[in-house]
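The next block holds one structure in the form of C-alpha cells; read it before the comments.
Letters go in sequence order (proteins before strands), and every chain restarts at 1.
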2 protein chains.
Amino acid sequence: MRISALAAEAGLPVATVKYYLREGLLQPGTATSATQASYDEHHLRRLRLVRALTGPVGLSVQQARSVLQLVDEPGDDLYSTLGRAVGALPPDGAEPAGADDPYPRARAALEALGQVYDPEFAAVAQLEGALAAADDAGMPITPERLARYGSAAADLAAYDLERMPPEPHAAVEYTVLGTALYEPVLLALRRLAHQDAAVRRLGREA
Amino acid sequence: MRISALAAEAGLPVATVKYYLREGLLQPGTATSATQASYDEHHLRRLRLVRALTGPVGLSVQQARSVLQLVDEPGDDLYSTLGRAVGALPPDGAEPAGADDPYPRARAALEALGQVYDPEFAAVAQLEGALAAADDAGMPITPERLARYGSAAADLAAYDLERMPPEPHAAVEYTVLGTALYEPVLLALRRLAHQDAAVRRLGREA
DNA sequence: AATATTGGAGAGTACAACTATCCAATCATG
DNA sequence: CATGATTGGATAGTTGTACTCTCCAATATT
C-alpha cells in the first residue's frame with residue numbers, strides 16, 4: 001500500500017501522514033525505490049492509534065510520540081515504563097516545592113489510602129497539582145471524598161491489573177494504552193452518572 | 001487593590017491579568033477614575049479559579065470562559081446548565097453520525113447501565129468518541145469493563161450529589177466546578193492505583 | 001512639580017499542528 | 001516508450017492560542 005492509499009484508508013490528508021512520519025509518530029514504510037515506499041496494516045493501525053491519542057485522549061503530538069516510543073521499546077521494568085508513560089500524559093503536575101516534602105497533599109492522601117508513595121512517580125505531582133487547584137479554586141477536597149475517590153480508583157485498578165496479559169510486551173501495551181485510552185471513557189461515564197443522578201434527584205424540567 | 005497588587009497577589013504578570021480582563025474571564029474592577037480601578041478578594045479568587053481551570057483541568061481560555069459564564073449566570077434549570085457546562089469541557093465528542101441512532105455505542109452502554117440516555121447531552125458524544133477511539137486503537141472496551149467503570153462512576157456521582165448544597169446558585173457552582181476540578185484528581189488517583197497495584201503484583205525491581 | 005503607575009487598546013511573539021508547494025525520480029498506461 | 005500522475009523528502013506557509021510588549025494620555029504619589 002502506498003502513502004496515498006494509507007492516508008485514504010485512515011481518512012487523513014497525505015500531508016498529515018507525512019507530518020506524522022516526520023515527527024516520528026509513524027514508522028517509515030519499507031522503501032521499494034528512491035521515491036516509493038510501501039505501508040501495511042501495521043501502519044494503518046498505528047495511524048488509528050495516533051488519532052485516538054491526539055483526539056479523544058487529548059495528547060499533543062509530542063506526548064503521543066513519548067507514549068508510543070514507550071510502547072515500541074519498553075524498558076525491562078514495567079513499573080518504570082508505566083511511570084515514564086504517565087509522565088508523558090497531561091496534565092503536567094506541580095513542580096517539586098520543598099526538597100524535604102515536595103508533595104505534601106499527595107503524600108498525605110496516599111498514606112491515608114494505604115498506598116505506596118513514590119515522589120518520583122509523575123502522577124504524584126499531578127495529584128498534588130490537582131489538589132492544589134481545587135484548594136485554590138475554593139473547592140477543597142475533603143479527606144472523606146478523597147478516600148472515596150481513592151478506593152474507587154483502587155477497585156478499578158485491581159480489575160484492570162487482573163486482566164493484564166502475561167507476556168511482558170503485551171503487558172506494557174495493555175497498561176500504557178489502557179491508562180491513556182480508558183481515561184476519557186471514565187470521565188464521560190462520570191459526567192453521565194452526574195447527569196443521571198441529577199435527573200433522578202431533581203426530576204427533569206423540560 | 002489596584003491591578004498590580006492583584007497581579008502580584010495571584011503571582012501573575014500584569015499583562016496576563018489585563019489579557020484575562022479583555023477575554024472576559026475576569027470582571028472589571030470598580031473604576032475609581034478614568035485611569036484607575038480597584039479590585040477585591042472576589043477578583044483574586046476568580047483569578048485563582050481561572051488558573052486552576054486553565055492549568056490542571058486543562059481548559060483553553062475559551063472553554064474556561066464558557067464554564068465561568070455558566071457559573072456566573074446559570075439558567076433556571078440545573079440539568080441544562082450542567083449539560084452546557086459539560087459541553088464546554090474537553091474532549092470534544094464525536095459529531096452525530098446517522099440521524100436515527102447517532103451514538104450507538106454510548107446508547108448501548110447507558111442502557112446496559114440502566115441510565116437515562118439523552119443524545120443532547122454533550123457527555124454522550126464524548127463517551128461515543130472515547131469508545132470509538134478505544135476500538136480504533138485496537139483496545140476495545142468489553143461490556144463487562146464498561147459495567148465496572150459505569151457502576152464506579154455511579155457510586156461517585158451519588159456520593160457527590162448527596163453533598164450538593166441546597167441553594168440553587170451554590171448547587172450550580174458545586175456541580176459545574178466539582179465536575180471540572182475533581183476530574184484531574186480522579187485521574188491521578190487512578191494512575192496511582194495502577195502503580196500501586198503493579199508494585200504489589202509484580203514487586204518492584206529497582 | 002516631578003516621577004511613577006494605571007487602564008485600555010493594538011501590535012508583536014512563540015509555539016503547535018497542520019497544510020501547501022516544489023522537485024526530481026519513479027510508476028502506470030496507452 | 002512517451003507522457004502524465006504519484007511519490008518521498010524538504011521547505012515554507014497558514015491558522016489558532018496564549019500570552020507579552022509597547023504606547024499613551026490621564027491620574028497618583030512624593
| task | Compare all side-chain heavy atoms of B/L26 with those of B/H43 and state whether any distance is below 4.5 angstrom. | result | yes

| To the nearest angstrom, how far is A/Y20 atom OH from D/dG9 atom P? | 19 Å

| Whole Å only: how far is the CG atom of A/L59 from the P atom of C/dC18? | 12 Å

| Pairwise distance OH(B/Y182) to CZ(A/R145) - rounded to 0.5 angstrom | 4.5 Å

| task | For A/R46 and A/Y39, test the side chains for any donor-to-acceptor distance below 3.5 angstrom and give the result as yes or no. | result | no

| C/dT5 C1' sits how many Å from B/Y39 OH, rounded? | 13 Å

| Rounded distance in Å - CD1 (B/I3) to P (C/dA9) | 12 Å

| query | From the list D/dC19, C/dA17, D/dA18, which nucleotide is the closest neighbour of the side chain of A/Q62? | reply | C/dA17

| said: For a quick check of understanding: with a heavy-atom distance under 4.0 Å over all strands, which category does B/S4 fall into, base, sugar-phosphate or nothing? | reply: sugar-phosphate

| note | Reading nucleotides 20-30 of chain C from 5' to 3' and marking B where a protein heavy atom lies under 4.0 Å of the base, S where only the sugar-phosphate is that close, and - otherwise, the string is -----BSS---

| field | Integer-rounded Å distance: C/dG10 C1' and B/L21 CG | value | 16 Å

| task | Calculate the interatomic distance between B/Y19 atom OH and C/dG12 atom P; express it in whole Å. | result | 18 Å

